[in-house]
S.K.: 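This is the structure I want to talk about, given as structure tokens.
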Amino acid sequence: MNHERYAYVETHSTNLLHNDPQVVGQLSARQAIFQAEALGITNSAEFIRREVEKL
């Protein structure tokens with residue numbers, strides 16, 4: 001069984017599929033940080049409502 005990991009990165013001007021274990025590891029770690037810092041669904045909705053009210 002092949003357990004090779006890939007990371008797909010897409011921007012406004014390009015997209016890349018990485019299979020280098022070091023690059024995939026770095027991108028995975030960065031994604032984990034984003035997920036840990038992200039608001040949950042309820043908190044996100046509340047934040048958006050508060051910001052809209054400021055307009």
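Just so it is clear, the structure is predicted and the values come from calculations on it, not from any experiment. Any value given below was found using the heavy atoms of this structure, including those in side chains, with hydrogens, waters and symmetry copies removed.
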S.K.: Under a 4.5 Å side-chain heavy-atom rule over Ile, Leu, Val, Met, Phe, Trp and Tyr, are V9 and V23 clustered together?
M.R.: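 In one cluster with V9: V23, yes.
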S.K.: Could you tell me which non-hydrogen atom of H18 sits nearest to which non-hydrogen atom of V24, and how far apart they are?
M.R.: O-CG2, 3.6 Å
S.K.: Considering all heavy atoms of both residues, which atom of A7 and which atom of L27 are nearest to each other, and what is their separation?
M.R.: CB-CD1, 3.7 Å
S.K.: How many angstroms lie between CD in E10 and CG in L16, if you round to the nearest 0.5 Å?
M.R.: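 Here the interatomic distance stands at 10.5 Å.
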S.K.: Is atom CD1 of I41 surrounded by more than 12 heavy atoms (other residues, nucleotides or ligands) closer than 6.0 Å?
M.R.: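 At most 12 heavy atoms, drawn from other residues, nucleotides or ligands, come within 6.0 Å of this atom.
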S.K.: Taking it one step at a time, do E51 and K54 satisfy salt bridge (charged side-chain N to carboxylate O under 4.0 Å, His left out)?
M.R.: CA-CA 5 Å; E51 293 302 308; K54 292 178 185 177; 3.0 Å; yes
S.K.: If hydrophobic clusters are built by linking Ile, Leu, Val, Met, Phe, Trp and Tyr wherever their side-chain heavy atoms come under 4.5 Å apart, do Y8 and Y6 end up in the same one?
M.R.: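 Yes, one cluster joins them.
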